[in-house]
*Asks:* 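Pasting a structure below so you can have a look.
All chains are named by letter (A, B, ...) in the order of the sequence lines, taking the proteins before the strands, and each is independently numbered beginning at 1.
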Protein chains: 2
Amino acid sequence: MSPRRSVADTLETRQRILDRSLAIASAEGLEGLTIGRLAAELGMSKAGLLGHFGTKETLQLAVVDQAAAVFQREVPGRVKQAPSGLPHLRAVCEAWVSYLEREVLPGGCFFTAATTEFDGRSGRVRDALAGMNALWRRDLRIHIRRAVSFGELPQDTDVDQLIYEIVGIMLALNHFLQLEHDSAAPRRARRALERLLGDGRGGIGA
Amino acid sequence: MSPRRSVADTLETRQRILDRSLAIASAEGLEGLTIGRLAAELGMSKAGLLGHFGTKETLQLAVVDQAAAVFQREVPGRVKQAPSGLPHLRAVCEAWVSYLEREVLPGGCFFTAATTEFDGRSGRVRDALAGMNALWRRDLRIHIRRAVSFGELPQDTDVDQLIYEIVGIMLALNHFLQLEHDSAAPRRARRALERLLGDGRGGIGA
DNA sequence: CCTACCGATCGGTAGG
DNA sequence: CCTACCGATCGGTAGG
């Protein structure tokens, strides 16, 4: 009565495809992820592979979700125990730096690469990437607001300005690590963050 | 005696190819710049087009040079009259923000897009991009050092830290403009720069 | 600068 | 999950 492939096997295959896809896409881009190459690396046929996703765009959307899951696990997932407010914000930023420093994914931050690749286009992949970025900024905003309400950051802190500057620090970290292989970059990122969030005196007033 | 195509005509055609190539590449990436599409948009044959460059890689390298020429004209070229030292550094950064704000190239900063696209690869294009980035950082370094020696920035300024943070501000500007179409981003960039370079008191000490 | 052509690869489908 | 196949496009070349 049981099918030759159980549901569990199917899900496992799907996960294998996604893991390999994410590795390829973070190193070579979401367009560089081609069906033929992916099938060859996985030792399966293109048709068998496409059976799991239907089209390349659906695969790309699934890869975006997978990347978000990895980021969620490696950054906010590592600091759940940090006290609310400024300590949590600092812990999240440190986990973010560490995530980039450890090169969890080959080619650095998947979202930086994919966002830069798709920001000039339109369609569902671009929208999904923009949505993930917006969700993450919302997380940051929550932590910043808490830190302000707890008096750990100045009352006149410009929240969006602070988010802007944190994002810039992370983009620069990815840039100097990936293009220059600059091992001093994580230190520079931490120092810049320290200046923004260090002791509550360096905050960004209005 | 004169050839059907003069040297001037040939150079003009070459420039037409480069201008169009740069527009395509900054919007769609250096790999998205395909010979067939470029030839179609220019109303010429692929063979005629390749006659000017030989291979796609040579074309890509020429596009990198062209992008550098545009950046040179639009950023340092616009502030030659600014007084040496901190005023020059601030003028260069303002021209850089303005360059991104005006969207001189469709799709934003060509170098940001191309660098992210090629940072995980090897080869001449990647090396050319890394070289251009290094040259530009050298320019910034010169201006920062002058500002320090003139006493306009603190003596203990960490020059590479300052470059890191300026680059982050510009990467974030490109990110928020291109992905979020956030019209407040230039203001945030200027504010962040003001905090770094504003009045000589916000400098980055060691 | 052109036409005509090459092998390779693209995303995807038919049929099983 | 497979084989076999599709039309389209890729970078590039031969020959003029």
*Asks:* What does the B/S/- profile of nucleotides 7-12 of chain D look like, 5' to 3', with a 4.0 Å heavy-atom cutoff to protein?
*Replies:* ---SBB
*Asks:* Check whether any side-chain heavy atom of A/F53 sits under 4.5 Å from a side-chain heavy atom of A/I35, and report yes or no.
*Replies:* no
*Asks:* Give the rounded distance in Å between these two atoms: CZ of B/F53 and P of D/dT13.
*Replies:* 16 Å
*Asks:* Just wondering, do A/T112 and A/Q178 contact through their side chains at under 4.5 Å, heavy atoms?
*Replies:* no
*Asks:* Show, in sequence, the C-alpha distance, side-chain angles and deciding distance for A/T55 and A/T58, and conclude whether the side-chain hydrogen bond (donor to acceptor under 3.5 Å, both in side chains) test is met.
*Replies:* CA-CA 5 Å; A/T55 67; A/T58 311; 2.9 Å; yes
*Asks:* Applying side chain to side chain contact (heavy atoms under 4.5 Å, CB included), name anything that partners A/E94, two or more places apart in sequence or on another chain.
*Replies:* A/S98, A/R190
*Asks:* When Watson-Crick pairs (N1 to N3 and N6-O4 or O6-N4) and G-U wobble pairs (N1-O2 and O6-N3) count only below 3.5 Å on both distances, what is the dot-bracket string of DNA chain C, with | for other-strand pairs?
*Replies:* ||||||||||||||||
*Asks:* I'd like to check B/L162 versus B/L197 (side-chain heavy atoms, cut-off strictly below 4.5 Å). Are they in contact?
*Replies:* yes
*Asks:* Could you tell me if the side chain of B/E180 sits less than 4.5 Å from the side chain of B/H175, heavy atoms only?
*Replies:* yes
*Asks:* Contact between A/F71 and A/Q66 at the side-chain level, heavy atoms closer than 4.5 Å - yes or no?
*Replies:* no
*Asks:* Measure centre to centre between the rings of B/F111 and B/W136, then say whether the value is under 6.0 Å.
*Replies:* no
